[in-house]
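Sequence positions, counted from 1, serve as the residue numbers for this chain. In this text, all values refer to a predicted model and were calculated from it rather than measured experimentally.
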Amino acid sequence: MVIIAAVREVDASAEDVWDIVSDVDKDPEYWSGLASIRNIRKERNLIEREVVVGFMGRSGTQRIELVPKDLIQLTMIDGPLRGSREIRLTPLEARRTRIDISWDIQFSEIPVFAQGFVRSRLEEGTREALDRIARASQASSK
């Protein structure tokens with residue numbers, strides 16, 4: 001398993017951040033490696049979707065559970081990566097929130113020689129996503 005973690009504090013309320021990160025249909029706006037999504041099923045706080053990821057356009061299936069104003073648990077069921085990604089929000093003050101993103105994945109369809117590259121792209125993409133989420137959250141809270 002590969003573990004990747006990143007943290008960012010933003011000047012926005014947990015509710016403002018939640019409004020951004022819980023709109024998972026807009027994930028391609030924040031996550032650079034995610035080319036497209038197509039929802040298969042939505043039931044309350046559960047979503048199953050097909051995604052196209054990476055520069056080679058590999059497809060996979062993801063299941064997302066939304067725990068309102070707290071956690072987004074994404075499970076990669078099949079595709080080039082298997083495992084999970086969590087986005088957890090922690091209110092720090094009325095208008096300040098900590099965002100923790102953690103990956104616990106394995107490279108199911110990625111050749112060994114490319115795994116280091118994919119890991120570095122995931123790390124970079126996670127930092128970039130945090131930047132985009134922070135900007136969007138702060139803009140919506142003004």
Side-chain angles (χ1 to χ4, degrees), residues 1-110 112 114-142:
M1 289 295 218
V2 173
I3 306 295
I4 297 170
V7 177
R8 174 86 183 256
E9 290 184 14
V10 298
D11 293 321
S13 70
E15 187 168 321
D16 288 334
V17 178
W18 179 257
D19 289 344
I20 300 299
V21 298
S22 66
D23 189 355
V24 296
D25 288 342
K26 291 186 177 179
D27 278 357
E29 294 177 23
Y30 302 101
W31 297 93
S32 59
L34 190 56
S36 68
I37 59 172
R38 184 179 71 81
N39 292 322
I40 300 168
R41 182 172 50 113
K42 280 188 173 185
E43 294 176 14
R44 302 183 121 208
N45 292 334
L46 296 174
I47 300 160
E48 189 170 321
R49 66 189 188 180
E50 291 179 347
V51 297
V52 176
V53 297
F55 67 92
M56 294 185 65
R58 305 291 300 270
S59 63
T61 306
Q62 299 176 340
R63 179 184 166 100
I64 300 171
E65 180 180 0
L66 304 173
V67 179
K69 299 192 179 25
D70 181 40
L71 173 72
I72 297 171
Q73 174 72 45
L74 180 144
T75 303
M76 291 162 278
I77 299 166
D78 66 16
L81 301 176
R82 302 261 173 101
S84 64
R85 182 191 75 203
E86 285 188 1
I87 302 175
R88 183 172 299 275
L89 305 182
T90 305
L92 302 174
E93 299 169 19
R95 298 189 52 76
R96 190 147 179 87
T97 304
R98 176 181 161 134
I99 307 168
D100 289 90
I101 299 178
S102 62
W103 297 82
D104 185 355
I105 55 171
Q106 59 187 142
F107 301 116
S108 60
E109 297 177 13
I110 298 173
V112 173
Q115 291 179 6
F117 171 77
V118 172
R119 180 189 179 119
S120 68
R121 286 297 303 139
L122 279 172
E123 290 170 340
E124 182 180 349
T126 299
R127 287 189 304 272
E128 290 171 354
L130 276 170
D131 289 344
R132 290 181 187 112
I133 291 166
R135 282 194 302 273
S137 300
Q138 292 167 172
S140 72
S141 72
K142 292 183 179 182

Stepwise side chain to side chain contact (heavy atoms under 4.5 Å, CB included) test for N45 and V67
CA-CA 7 Å; N45 292 334; V67 179; over 6 Å; no
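Nearest approach of Y30 to A136, heavy atoms of both residues: OH-CB, 3.7 Å. Closest heavy-atom contact between S59 and P80: O-CD, 3.7 Å. Residues V21 and I72 share a closest heavy-atom pair of O-CD1, 3.0 Å.
Partner Q106 forms a side-chain contact (heavy atoms from CB on, under 4.5 Å) with one of M76, R82, Q115 and no other, that one being R82. Exactly one residue among E50, R49, R85 makes a side-chain hydrogen bond (donor to acceptor under 3.5 Å, both in side chains) with Q62. That residue is R49. Across R41, R38, K42, a single residue satisfies salt bridge (Lys or Arg N to Asp or Glu O under 4.0 Å) together with E48, and that is R41. For the salt bridge (Lys or Arg N to Asp or Glu O under 4.0 Å) test with D11, the passing option among R96, R135, R95 is R96; the others fail.
With rounding to the nearest 0.5 angstrom, the OG atom of S140 is 6.5 Å from the CG atom of D19. To the nearest 0.5 Å, atom CD1 of residue I133 and atom CD of residue E29 are 11.0 Å apart. In this structure, D25 CG and I47 CD1 are separated by 6.5 Å, a value rounded to the nearest 0.5 Å. Expressed to the nearest 0.5 Å, how far CD1 of I64 lies from CD1 of I87 amounts to 9.0 Å. For the atom pair CG (L130) and CD1 (I99), the distance works out to 6.0 Å, reported to the nearest 0.5 Å. Separation of atoms CG (D100) and CD (E9) is listed at 9.5 Å; rounding is to 0.5 Å.
Within the 4.5 Å cutoff, side-chain heavy atoms of T126 are placed close to those of W31. Looking at heavy atoms from C-beta onward, V7 lies in side-chain contact with R98 at the 4.5 angstrom threshold. Contact check for L74 versus W103: no side-chain heavy atoms found under the 4.5 Å cut-off. No side-chain heavy atom of K69 sits less than 4.5 Å from a side-chain heavy atom of L89. Contact annotation: the side chain of V24 approaches that of L66 to within less than 4.5 Å [non-hydrogen atoms, C-beta and beyond].
A donor and an acceptor atom, one from each side chain of S84 and D104, are nowhere located under 3.5 Å apart.
When atom types are taken as modelled, the side chain of T97 and the backbone of A12 share a donor-acceptor pair closer than 3.5 angstrom. Although no hydrogens or angles enter the test, the distance criterion places a donor-acceptor pair under 3.5 Å between the side chain of S108 and the main chain of G79.
With sequence neighbours left out, the side chain to side chain donor-acceptor pair (under 3.5 Å) criterion links E109 to R58. Every salt bridge (charged side-chain N to carboxylate O under 4.0 Å, His left out) that R121 has, sequence neighbours left out, goes to E124. V118 meets the side-chain contact (heavy atoms from CB on, under 4.5 Å) test with L81, F107, I110, L122; sequence neighbours excluded.
The pair R119-E123 counts as a salt bridge, with a side-chain nitrogen and a carboxylate oxygen less than 4.0 angstrom apart.
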